[in-house]
Amino acid sequence: MAVEKGDINAAGNPVPDLKNEILRLKKEKGAVIMAHYYQPAEIQDIADYIGDSLALAQIAAKLQNAEIIVLCGVHFMGETAKVLCPGKKVLIPDLNAGCSLADSCPVDSFASFVAAHPGHTVISYVNTSIGVKALTDVLVTSGNARKIVETFPKDAKLIFGPDRNLGNYINSVTGRNMVLWNGACHVHEEFSAEKIAELKKEHPEAKLLVHPECKRPLQIMADVVGSTAVLLKYAIESDDKEFIVATESGILHQMQKSCPDKTFIPAPPNDSTCGCNDCRYMKLNTMEKLYECLRTEQPEIIIDAEIAEKARKPIERMLELS
Ligand code: CIZ
């Protein structure tokens with residue numbers, strides 16, 4: 001049951017009007033709220049900035065007046081903001097909001113993988129821990145991976161981690177032969193090509209929008225493969241009226257808001273009862289936690305200064321090349 005203003009919470013205190021309290025605290029503390037497209041709809045609606053991880057990093061790098069950044073997303077996004085804004089307090093509503101893809105690439109194992117490929121340039125997807133970023137030459141997001149990989153000669157020796165599906169996709173469109181780390185995202189790996197094919201029969205006019213973290217068969221079936229920002233832009237600019245969307249469900253909120261006259265159908269996962277096109281980490285953030293985070297200025301992202309310095313270089317290189 002939804003908790004509403006006027007209700008009494010478990011501690012016996014009145015429940016605050018969360019939206020107004022968040023806006024009040026934000027103003028009082030000179031805070032900026034940034035939200036990823038995969039956040040719950042009500043958090044997207046209250047944010048100052050909404051975007052993919054590239055846009056959020058670009059905005060964080062340019063923020064002048066904010067004292068506090070509340071990054072409503074997952075932990076690695078908060079770390080990226082902290083590296084780019086070392087003088088600001090960076091908060092995240094739930095410190096447990098991790099990332100299955102980042103977890104699929106432990107720092108020690110990645111260090112051994114890099115050591116086993118001497119002479120290779122290390123390209124990492126931004127969905128990695130700060131430790132993996134510190135081992136990386138240049139970071140990419142799904143929005144700029146192709147462009148950045150194409151800045152390297154065709155025969156350059158490249159390592160790409162941690163997402164094997166994005167890596168495969170970039171190899172296929174750039175003609176590169178990057179050595180891939182074998183990692184994946186629990187949401188994007190779950191979409192079922194068979195169920196999507198069935199859905200396409202029911203909606204023959206629908207365009208299939210696929211995130212490159214999905215498996216190869218989906219990439220091949222897709223009308224468009226792209227980052228959240230690319231898929232959103234396509235949906236807005238297209239004359240088509242119906243879309244099947246194979247990425248985390250949070251993006252459907254912006255799609256529907258931007259295109260109220262169009263229909264967006266979430267792509268079905270293998271197990272239709274699992275709710276697995278909701279990222280369990282992204283959805284840990286709630287309005288209650290956002291309010292508490294602004295009130296208490298906790299939890300805060302803290303990064304070791306030496307690692308932050310090492311991670312800054314590949315992040316800045318990505319921003320220069322984007
Ligand atoms: O890089 C991001 O923001 C993610 C996780 C997805 C996307 O394509 O925007």
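FYI, the numbering just counts along the sequence from 1. Just so you know, ligand 1 is whichever comes first in the structure, and atom 1 is the first atom listed for that ligand. Quick caveat, the model's predicted, so the values are computed rather than measured.
- Residues Asp52 and Tyr38 have side chains not in contact (no heavy-atom distance under 4.5 Å, counting atoms from C-beta outward).
- Atoms of ligand 1 found under 4.0 Å from any heavy atom of Ser142, numbered from 1 in the order shown, are 1 (O), 6 (C), 7 (C), 8 (O).
- For atom 4 (C) of ligand 1, the nearest non-hydrogen atom of the protein is His36 NE2, 3.6 Å.
- Counting heavy atoms closer than 4.0 Å to ligand 1, residue Tyr37 contributes nothing at all.
- Atoms of ligand 1 found under 4.0 Å from any heavy atom of Ser53, numbered from 1 in the order shown, are 1 (O), 2 (C), 3 (O).
- The aromatic rings of Phe264 and Phe243 sit parallel to each other, their planes meeting at less than 30°, with 60° as the upper class boundary.
- Contact check for Phe160 versus Val179: no side-chain heavy atoms found under the 4.5 Å cut-off.
- Interface atoms of ligand 1 facing His211, defined by a heavy-atom separation under 4.0 Å, are 6 (C), 7 (C), 8 (O).
- Rounding to the nearest 0.5 angstrom, the gap separating the NZ atom in Lys257 from the NE2 atom in His253 is 4.5 Å.
- Between Thr228 and ligand 1, an N or O atom pair is found at a separation short of 3.5 Å.
- Residue Asn127 has at least one heavy-atom neighbour below 4.0 Å for each of these atoms of ligand 1: 5 (C).
- Contact atoms of ligand 1 toward Ser227: 8 (O) (distance under 4.0 Å to a heavy atom of the residue).
- The aromatic rings of Trp181 and Phe110 stand perpendicular to each other, their planes meeting at an angle above 60°, with 30° marking the opposite boundary.
- Between Lys89 and Glu297 there is a salt bridge, with a side-chain nitrogen of the basic residue lying less than 4.0 Å from a carboxylate oxygen of the acidic one.
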